[in-house]
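Single-structure report; data block below.
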Amino acid sequence: MPDPAVLAQQANDPTFPGIWEELVWRGHVHVSTDAEELRHLLAGGPITYYCGFDPTAPSLHLGNLVQLLVMRRLQLAGHRPLGLVGGSTGLIGDPRPTAERTLNTKDTVEEWVGYLQAQVSRFLSAEGDNAVTLVNNLDWTAPLSAIDFLRDIGKYYRVGTMLKKDAVSARLNSDAGISYTEFSYQILQGMDYLELYRAHGCVLQTGGSDQWGNLTSGTDLIRRAEGVSVHAIGTPLVTNSDGTKFGKSEGNAVWLDPALTSPYAFYQFWLNTDDADVISRLKVFTFLPRVEIERLESLVASEPFKREAQRTLAWDVTSLVHGVEATDAAIHAAQALFGQGDLSSLDQATLEAALRELPNTTASSSAAVVHLLVDTGLSASLSEARRAIAQGGVYLNNHKVDSDEATIAGAVLPGGFAVLRRGKKTLAGVFVA
RNA sequence: GGCGAGUUACCCAAGUGGCCAAAGGGAUCUGACUGUAAAUCAGACUGCUUCGCAUUCGGGGGUUCGAAUCCCUCACUCGCCA
């Protein structure tokens, strides 16, 4: 369910001549079909475009959010979005550069399709002439026989061309090799575009630039099958300036589903953005107009320690994904927990609410700290928990724990809880039963 | 189908009978410094009932006092030939 209030606040920046120019400025365009043609097309009357999401997990993640925002910007410019969730492509799996995917069961994929559809629909308006339409490629691939597939679609594909796609050649040159299954993926995606062109008049597909081979698979197929030239935009992979992977927190992907990544963790993820990255993140992940982003850019330069840009970014993206209420709760929790010193001076209800935002566990009043570290997920194993304590990285209610035999006895705050911390900013709550 | 090469911890990659829980780099974690930043420096990085024990080097079996290292076999990958 989209939050109408959040969607209503979004707008493209009117100071740009058109949506194309804005997409370019925000850094959304890495590769595309003919840029001049696209600019004209997007500046004209409504066109239909699509972007696909494969159910390879029970939730979308931040990489997918980039695509959703591109879709939303195009929708705000008056164009008509088709949100595709890959019920069939998700059964195959697109070739990753490193290794073959493990196939998920049909039941699992079907379940995930439902989750992703719900998420996709949250970010796009279902109102008006250009309301979003959700489609599932299983609807047109499931009825297709192998013979029809090979005769009607396969004939348009040249193996030489297919082998040259980055995704395929990377795997051919690796130890992992590639199965026929994943090799065929590009054909399925090409078929999707052709189907959507025929059924909906779709003439633009957007996607990550790592999907470029699959995007052009569709434009090539439509040119051959229909003699029509359609378009594709490949958005750049979002990267961190220090070379690490974007979108990871504590080694895990940052998910849009609050059950998988809490709003608190989500907010913290954005708040911790590097100075070097924060401006480009604002461009990609928010609807703030150019002047505002430029103002924040100058603040990063003049008073970086205030982290105004990071705060704005964190608030904007968290409220977009989780709503204003959850965002405020996450901020209040952080203020309580990152406040200096004495936790017992905090208001009991505030503290309890903050702990509810964190990973937490229930324990007896004499539970060992090492076990709580594991139970709350702050440490992956008892050995790791002991190590963390030995290195002086564990705190109970802001007091350093100096023995791996410590328990929470005597440290329980009024109200029956305790705050466990690993390192400077990884927190968890303990509720005493 | 034939021949050759290969499969080491999250990733890359050393190691070719004991000194190997396994070099080095990256990633990650902790500490110092800080702005809940970056860079830098230091430490850690299989598990556990943690000063010791257990389990790892594609799977299974064998040789040996002793194997990641030798042999057999299965699986997978790459290359060349057909």
Side-chain angles (χ1 to χ4, degrees), chain A residues 95-102 163 168-183 239-254 264-282 296-297 299-315 318 330-341 354 357-358 368-371 373-374 376-396 398 400-406 419-428:
Chain A
R96 282 182 299 190
T98 47
E100 192 79 9
R101 286 179 187 274
T102 309
L163 288 170
V168 173
S169 70
R171 282 280 292 282
L172 282 174
N173 293 327
S174 79
D175 290 348
I178 186 167
S179 66
Y180 184 73
T181 307
E182 291 193 4
F183 176 60
T239 55
N240 291 336
S241 56
D242 60 9
T244 56
K245 257 197 177 134
F246 167 75
K248 299 275 177 182
S249 168
E250 289 283 306
N252 302 309
V254 177
Y264 172 84
F266 193 89
Y267 181 87
Q268 289 294 316
F269 170 82
W270 292 105
L271 190 66
N272 284 312
T273 302
D274 292 8
D275 292 0
D277 293 322
V278 69
I279 297 304
S280 66
R281 297 284 182 275
L282 284 164
L296 290 166
E297 187 167 15
L299 288 181
V300 173
S302 62
E303 35 186 28
F305 47 89
K306 287 193 176 170
R307 294 184 302 143
E308 191 71 23
Q310 278 89 342
R311 283 179 217 287
T312 308
L313 176 68
W315 196 89
T318 309
I331 292 173
H332 286 136
Q335 283 171 345
L337 297 165
F338 280 99
Q340 35 281 356
E357 297 289 318
L358 301 171
V369 171
V370 282
H371 286 289
L373 285 166
V374 174
T376 54
L378 289 189
S379 296
S381 68
L382 284 177
S383 294
E384 206 174 288
R386 290 201 179 89
R387 211 177 285 139
I389 291 175
Q391 293 181 141
V394 176
Y395 301 81
L396 184 59
N398 285 348
K400 186 176 285 191
V401 174
D402 48 21
S403 161
D404 61 7
E405 288 171 13
V419 180
L420 204 53
R421 173 157 63 91
R422 194 204 71 217
K424 273 176 222 164
K425 49 195 185 188
T426 313
L427 293 143

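The chains referred to below are lettered A, B, ... by the order of the sequence lines, with proteins before strands, and numbering in each begins at 1.
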Side-chain N,O (A:Arg386) to OP1/OP2 (B:U49) below 4.0 Å:
yes

Heavy atoms from C-beta onward define the side chain here; which of B:U36, B:C33, B:C48 lies closest to that of A:Lys424?
B:C33

Looking at A:Gly423, is its backbone amide N or carbonyl O close enough to the side chain of A:Arg421 to form a donor-acceptor pair, meaning the two atoms are under 3.5 Å apart?
yes

Using Watson-Crick geometry (N1-N3 plus N6-O4 or O6-N4) or G-U wobble (N1-O2, O6-N3), each under 3.5 Å, B:G1 is paired with B:C81

Spacing between A:Leu299 atom CG and B:G35 atom C1', to the nearest angstrom:
14 Å

Using atom P in both nucleotides, what's the gap between B:C53 and B:C70 to the nearest angstrom?
28 Å

Among residues at least two apart in sequence or on other chains, which ones pass side-chain hydrogen bond (donor to acceptor under 3.5 Å, both in side chains) with A:Lys306?
A:Glu303

Side chain of A:Asn272, backbone of A:Gln268: donor and acceptor closer than 3.5 Å?
yes

A:Lys425 side-chain N/O to B:A37 phosphate OP1/OP2 under 4.0 Å:
yes

Residues from residues 271-278 of chain A lying under 4.0 Å of RNA chain B - heavy atoms:
A:Leu271, A:Asn272, A:Asp274, A:Asp275

For B:G18 and B:G79, measure between their C1' atoms and round to the nearest Å.
36 Å

Got a second to check how far A:Ile389's CD1 is from A:Lys400's NZ, nearest 0.5 Å?
12.0 Å

Residue matched to B:A39 through Watson-Crick or wobble contacts both under 3.5 angstrom
none

Would you indicate whether the side-chain heavy atoms of A:Leu420 and A:Leu396 approach each other to under 4.5 Å?
yes

Given the C1' atoms of B:C3 and B:G15, what is the spacing between them in whole Å?
28 Å

Between N or O atoms, less than 3.5 Å apart, protein on one side and nucleotides 51-54 of chain B on the other: list the pairs.
none

Rounded to whole angstrom units, what separation is found between the CZ atom of A:Phe269 and the P atom of B:A37?
14 Å

What's the CZ-P distance between A:Phe338 and B:G35, to the nearest Å?
15 Å

Go ahead and name the base partner of B:U49; Watson-Crick or wobble counts if both distances stay under 3.5 Å, otherwise write none.
none

B:A38 P sits how many Å from A:Arg281 CZ, rounded?
13 Å

Quote, to the nearest angstrom, the C1' distance that separates B:U8 from B:U69.
11 Å

Main chain of A:Trp315, side chain of A:Thr318: is a donor-acceptor contact present, judged purely on distance under 3.5 Å?
no

For atom P, what is the distance between B:G62 and B:C19, given to the nearest Å?
23 Å

Enter the distance from A:Leu296:CG to A:Leu313:CG here, rounded to the nearest 0.5 Å.
9.5 Å

Kindly write out the residues that satisfy salt bridge (Lys or Arg N to Asp or Glu O under 4.0 Å) with A:Arg386, not counting sequence neighbours, or none if the list is empty.
A:Asp404

Could you check whether A:Asp275 and A:Gln310, counting side-chain N and O atoms only, form a donor-acceptor pair closer than 3.5 Å?
yes

Residue among A:Phe269, A:Trp270, A:Tyr264 satisfying side chain to side chain contact (heavy atoms under 4.5 Å, CB included) with A:Phe266:
A:Trp270

Out of B:C48, B:U36, B:U49, which has the shortest distance to the side chain of A:Ser383?
B:C48

Pairwise C1' distance for B:A27 and B:C76, with rounding to whole Å:
27 Å

Take the protein atom CG of A:Asn398 and the nucleotide atom C1' of B:U36, then report the distance between them rounded to whole Å.
13 Å

Write down the partner of B:U7 under the Watson-Crick or G-U wobble criteria, each distance required to be under 3.5 Å.
B:A75

Within this structure, what is the OG1-CZ distance for the pair A:Thr273 and A:Arg311, rounded to the nearest 0.5 Å?
12.5 Å

Of A:Phe305 and A:Glu384, whose nearest nucleotide on RNA chain B comes first from the 5' end?
A:Phe305

Would you kindly compare A:Ala380 and A:Arg311 by the position of their nearest RNA chain B nucleotide and give the one closer to the 5′ end?
A:Arg311

Can you tell me how far the CZ atom of A:Arg281 sits from the CZ atom of A:Phe246, to the nearest 0.5 Å?
5.0 Å

Considering only atom P, compute the distance from B:C45 to B:G24 and round it to an integer number of Å.
12 Å

A:Asp402 CG - B:G31 C1' separation (whole Å)
16 Å

Any side-chain to backbone donor/acceptor pair from A:Ser379 onto A:Ser381? Under 3.5 Å, distance only.
no

Nearest-Å distance for atom pair CG/P, residues A:Leu427 and B:U30:
11 Å

May I ask you to say what A:Arg422 touches in the nucleic acid, namely base, sugar-phosphate or nothing, with a heavy-atom cut-off under 4.0 Å?
sugar-phosphate

Paired with B:G18 by Watson-Crick or G-U wobble geometry, both distances under 3.5 Å: which nucleotide is it?
B:C65

Kindly write out the residues that satisfy side-chain hydrogen bond (donor to acceptor under 3.5 Å, both in side chains) with A:Glu182, not counting sequence neighbours, or none if the list is empty.
A:Arg171

Whole-Å C1' distance, B:C57 and B:A9:
8 Å

Taking OH from A:Tyr395 and P from B:C29, how many angstroms apart are they, rounded to a whole number?
16 Å

Give each protein N/O atom lying under 3.5 Å from an N/O atom of nucleotides 43-46 of chain B, with the pair distance.
{"residue": "B:G43", "atom": "N2", "partner": "A:Gln391", "partner atom": "OE1", "Å": "3.1"}
{"residue": "B:A44", "atom": "O4'", "partner": "A:Gln391", "partner atom": "OE1", "Å": "3.1"}

Return the nucleotide paired to B:C33: Watson-Crick means purine N1 to pyrimidine N3 with N6-O4 or O6-N4, wobble means G-U with N1-O2 and O6-N3, both under 3.5 Å.
none

